[in-house]
**Student:** 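Got a structure for you, questions after.
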Amino acid sequence: MIVGLTGGIGSGKSTVVRLFGDLDVHWVDADDVAREVVEPGTPALEAIARHFGEDVLLADGSLNRAWLRERVFAEPDERVWLETLLHPIIRKELIRQLHPRDYHLPYVLLVSPLLLETDQRDLVNKILVVDVPESVQIERTMARDNNSRELVESIMAAQMARADRCSQADAIIDNNCPLVEVERQVAELHNRFLLEFS
Ligand code: ADP
C-alpha cells in the first residue's frame, strides 16, 4: 500500500514524515526525486543542456535552476517541452523508489506538496493530510525560510485551499500542537495502517 502524505507549504510534511521514518516506514519525497533526476550525469540533464545550451548549466555542471525558471516563465512552449521531458522520468523514478527491496512493513509513504493537484494522486491508495490553520502555516514558513508574509501568501494562494484538501483526506494529522502530540498521532496512525494493510 502506498499512502500519500500532503499538506500546504509549512504545514509540517517533512516533520511528520521523519516521525514515520523513525518507526522504520520507508518514504519517498517527490521534491527530492524531481531534483535527483536532473543531477549531473543524468540523461535528463544532458537532454536539457542539448536543448537550452550551456547557459542552463552552472560552472560546476549542475542545473542553473534560476536561469531555467526564468526561461520557462517567459516562454510557455519551453515549459511544455521541459514538463514533457521530466514528467515521465520523475514518475518512473517515484514508482521505482516506492518499491524498496527487502522491506518488511505493509505500507510506504509518498510525500508531495502537489499530490492532490497532479497525477501523483493515482500512485497512492490512501491520502493523509497534515493540517494546520493558515495563520500557523504562514508564521512557520516565514520563520523557516526567512520569507516575507507576501511571498508565503502568494505561494499558498497557488495551492489547494485548506478545506478542499482536508475534504479529500482519508486521515488527517493535526500539526497545530506540540511535537510530542504529533508523535502520538503518528504512532496511532502507524498502528492503524499496520492493522488495516496487513
Ligand atoms: P513542510 O514540509 O510541510 O513545508 P515543515 O515540516 O518544514 O513543513 O514545517 C515547517 C516549519 O514548522 C519547520 O521549521 C518545522 O520545524 C516547524 N514545525 C513543524 N511542525 C511543528 C510543530 N508541531 N510545532 C512547532 N513547529 C513545527
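Counting convention: from 1, in listed order, for ligands and their atoms alike.
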**Student:** Do me a favour and list the nearest non-hydrogen protein atom to atom 19 (C) of ligand 1 with residue, atom name and distance?
**Tutor:** T15 OG1, 3.3 Å

**Student:** Is it true that R79 and E75 have a side-chain N and a carboxylate O under 4.0 angstrom from each other?
**Tutor:** no

**Student:** Yes or no: does G10 have any heavy atom under 4.0 Å from an atom of ligand 1?
**Tutor:** yes

**Student:** Please confirm whether the backbone N or O of V130 pairs with a side-chain atom of N175, one donor and one acceptor, at under 3.5 Å?
**Tutor:** no

**Student:** Decide whether the shortest distance between a heavy atom of C177 and an atom of ligand 1 is less than 4.0 Å.
**Tutor:** yes

**Student:** After noting the C-alpha distance and the side-chain angles of R35 and E39, does the key distance pass the salt bridge (Lys or Arg N to Asp or Glu O under 4.0 Å) rule?
**Tutor:** CA-CA 7 Å; R35 272 190 292 272; E39 273 171 7; over 6 Å; no

**Student:** What about Y107 and H26, are their ring centers closer than 6.0 Å?
**Tutor:** no

**Student:** For D60, is the CG atom crowded, meaning more than 12 foreign heavy atoms sit under 6.0 Å from it?
**Tutor:** yes

**Student:** Would you say the side-chain atoms of T6 pair up with the backbone N or O of V129, donor to acceptor, closer than 3.5 Å?
**Tutor:** no

**Student:** Which protein heavy atom lies closest to atom 8 (O) of ligand 1, and at what distance to 0.1 Å?
**Tutor:** G12 N, 3.1 Å

**Student:** Pick, from E139, K13, Q137, the option with the minimum heavy-atom distance to atom 1 (P) of ligand 1.
**Tutor:** K13

**Student:** Nearest protein heavy atom to atom 2 (O) of ligand 1, by residue and atom, and its distance?
**Tutor:** S14 OG, 2.6 Å

**Student:** With the threshold set at 4.0 Å, does a side-chain nitrogen-carboxylate oxygen contact exist between D119 and R91?
**Tutor:** yes

**Student:** What's the shortest distance from atom 20 (N) of ligand 1 to any protein heavy atom, and which residue and atom give it?
**Tutor:** N175 ND2, 3.0 Å

**Student:** Below 4.0 Å from ligand 1: does a non-hydrogen atom of G8 turn up there or not?
**Tutor:** yes

**Student:** Quick test of your reading of the structure: of R140, E183, R144, E181, whose heavy atom lies closest to atom 5 (P) of ligand 1?
**Tutor:** R144

